[in-house]
There are 2 protein chains.
Amino acid sequence: MPKLSKSELVAAKLRNYIINKRLKPGDRLPTEGELAEQFGVSRVSVREATKALGFLGIVDAAPRRGLSVGKVSMKRLSRYLSFHFALADYPLDELIDTRIVVETGGLRQVAERMAKDPSIYEELNAVNDKLRRATKKSEWLQGEVQFHCLLVASSGVRALAAFNDLVQVFFQKFRADFSRSRWKNGIPGHQEIIDTLREGEYQTATTLLTTHINVHRDRDKILKRKSKKSDAASASALNGRSPA
Amino acid sequence: MPKLSKSELVAAKLRNYIINKRLKPGDRLPTEGELAEQFGVSRVSVREATKALGFLGIVDAAPRRGLSVGKVSMKRLSRYLSFHFALADYPLDELIDTRIVVETGGLRQVAERMAKDPSIYEELNAVNDKLRRATKKSEWLQGEVQFHCLLVASSGVRALAAFNDLVQVFFQKFRADFSRSRWKNGIPGHQEIIDTLREGEYQTATTLLTTHINVHRDRDKILKRKSKKSDAASASALNGRSPA
DNA sequence: GACGCCTAATTGTAAGACAATTATAATCGG
DNA sequence: CCGATTATAATTGTCTTACAATTAGGCGTC
């Protein structure tokens, strides 16, 4: 059990403070000095906590104005997590499983919302167009993440979208060694998915998206074919959901 | 253009340092004092940066050992996600959608693993037994979370499990006002789900689990049948302490 | 009333000191 | 000679104090 340092405790207490008082972005927090007194620690410890939270955009600090609750955005995180090499945490298979669950999980809602609001389709289409025009690999990498994040965000299930943002960052390193012909190939796949969704056929879209994501698994299998025989056809799960 | 603070600069430099030297998790970094001298700032600024990166698990610090590159884990990041959740205050409907996606998403894997390892069934069964013996509501609350967390963890998809842990914690407040007869009712549901999974029928289990979770939605609908589509800032109860 | 200056509150940075922790070396017992 | 224990020292963790930098809000002048 890793013993929590004082600044980490302060961060946790600050979190509870924000939750208990039901503070929302923009609301004021006590000053560093007041927090120090209230929590019974020195200003240094408070600062280490607020600074750390400030890095993430959770709190916002300015001289004279003091501290306030900031707007949490996943973009801040990605900035610090852009070290793809440091993220070798979960094996590829588990990340792919995770992606399939999270991304396909929201498709029904995406289809429903598309039916009511055509602009959702337009946005996704625009991102995919941008992807078509991409020439440099970095452009594609960025666009690819953007597309998949927007897809889940379009479900309107924001908690799922937030988690998906993280997963996409984690996954980034596996996209790195993807040949150009390979990713040019994926773009019509995107198109098919959103077109199918516009028709309301979210179950078909689920199959398509699953296959799209599983491409990474196949590639991995090929790379280490020497290992045990495995069922490459995969095609495994379409998660049957939606009980009415 | 937001002016970067010194500690943020240090964080950026540290990031470049890690990238340029191609450091991997576990590799040693200079000490705080050395970094301070090298970057021409005080130890305080270095500390604020390393602390912030430490929150994300990007650097790891220990007395005498010094600083080293850490490995970012989903556990670590859920701390950040928990802030996101806390500030966002998602409505019940979205949390239910999230739960259904995450919990049912792992069922296929659970069934597969159960077939190979019977102890998975036993564990789930044990938790459900404990649930049956629960008399106090607090026991039930704890057991309920434990069951659903174990269920997802049994899929072996750890990233999904980590996220699910978080969702369960935030869902707790909605379980709070659940009558005893109501939750006694849910226990056979659990049993049916794990039994079905043992048979390998994960699609049936998906339907069952979806219904099980949707009970909360129905109840919600009933509660505010009078009040129309109002977001109705949820009242009451928060947890007091941080979830580790 | 509008504009610019002043002041004070608050964060930002620094230096020094000491406590807490722990890897490594030294010591001791067998 | 080896294992366990103790002592040492290096490093992070925390506190205190001090001061610089920034800026919101008040004051005064026109």
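Bear in mind the structure is a predicted one, so any value in this text is a computation, not a measurement. Below, chain A is the first sequence line, B the second, and so on; all start at residue 1.
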Looking across every strand, which nucleic acid part, if any, lies under 4.0 Å from B/T50 by heavy atom: base, sugar-phosphate, or nothing?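 No contact at all - B/T50 keeps every heavy atom at 4.0 Å or more from the nucleic acid.
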Separation of [X] atom [atom1] from [N] atom [atom2], in whole Å?
X: A/E48; N: C/dT13; atom1: CD; atom2: C1'; value: 13 Å
X: B/L4; N: D/dT22; atom1: CG; atom2: P; value: 14 Å
X: A/K51; N: C/dT10; atom1: NZ; atom2: C1'; value: 13 Å
X: A/L29; N: C/dT11; atom1: CG; atom2: C1'; value: 14 Å
X: A/R65; N: C/dT10; atom1: CZ; atom2: P; value: 13 Å
X: B/R47; N: C/dG16; atom1: CZ; atom2: C1'; value: 15 Å
X: A/D60; N: D/dA24; atom1: CG; atom2: P; value: 12 Å
X: A/E37; N: C/dT10; atom1: CD; atom2: P; value: 13 Å

Assign each of A/G66 and A/V44 to its nearest nucleotide of DNA chain C by heavy atoms, then name whichever residue's nucleotide is nearer the 5' end.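 Its nucleotide being nearer the 5' end, the pick is A/G66.
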In terms of the nearest nucleotide of DNA chain C, which residue is placed more toward the 5' end: B/P63 or B/R28?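 Final value for this comparison: B/P63.
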Candidates B/E37, B/E34, B/E32, B/E48 - the one meeting salt bridge (charged side-chain N to carboxylate O under 4.0 Å, His left out) with B/R43: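 The single option meeting the salt bridge (charged side-chain N to carboxylate O under 4.0 Å, His left out) with B/R43 is B/E32.
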Consider the side chain of [X], meaning its heavy atoms from C-beta on, and name the nucleotide among [options] that approaches it most closely.
X: B/S5; options: C/dT13, C/dT21, D/dC15; result: C/dT13
X: A/S45; options: C/dT13, D/dT12, D/dC15; result: D/dC15
X: A/S42; options: C/dT11, D/dT23, D/dC15; result: D/dC15
X: B/R64; options: D/dC15, D/dG13, C/dT22; result: C/dT22
X: B/K6; options: C/dT11, C/dT13, D/dT11; result: C/dT13

Ring centres under 6.0 angstrom apart (A/H190, A/F147):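 Ring centres of A/F147 and A/H190 closer than 6.0 Å.
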Side-chain donor/acceptor of B/R28 to backbone N/O of B/R65, under 3.5 Å: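 Side chain of B/R28 to backbone of B/R65: a pair is present.
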Under the 3.5 angstrom rule, does the side chain of A/N164 hit a backbone N or O of A/L160 as a donor-acceptor pair?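 Not a single qualifying donor-acceptor pair exists.
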5'-most contact on DNA chain D: A/A62 or A/V41, nearest heavy atom basis?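 Counting from the 5' end, the first nearest nucleotide belongs to A/V41.
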Please confirm whether the shortest side-chain N or O distance from B/R43 to OP1 or OP2 of C/dA15 is below 4.0 Å.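 So the side-chain polar atoms of B/R43 never come under 4.0 Å of the phosphate oxygens OP1 or OP2 of C/dA15.
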Is the distance from OP1 or OP2 of D/dT14 to the nearest side-chain N or O of A/S7 less than 4.0 Å?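 Yes.
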Compute whether any side-chain donor of one residue and acceptor of the other, for A/S5 and B/K51, lie under 3.5 angstrom apart.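 Yes, because at least one side-chain N or O of A/S5 sits under 3.5 Å from a partner of the opposite role on B/K51.
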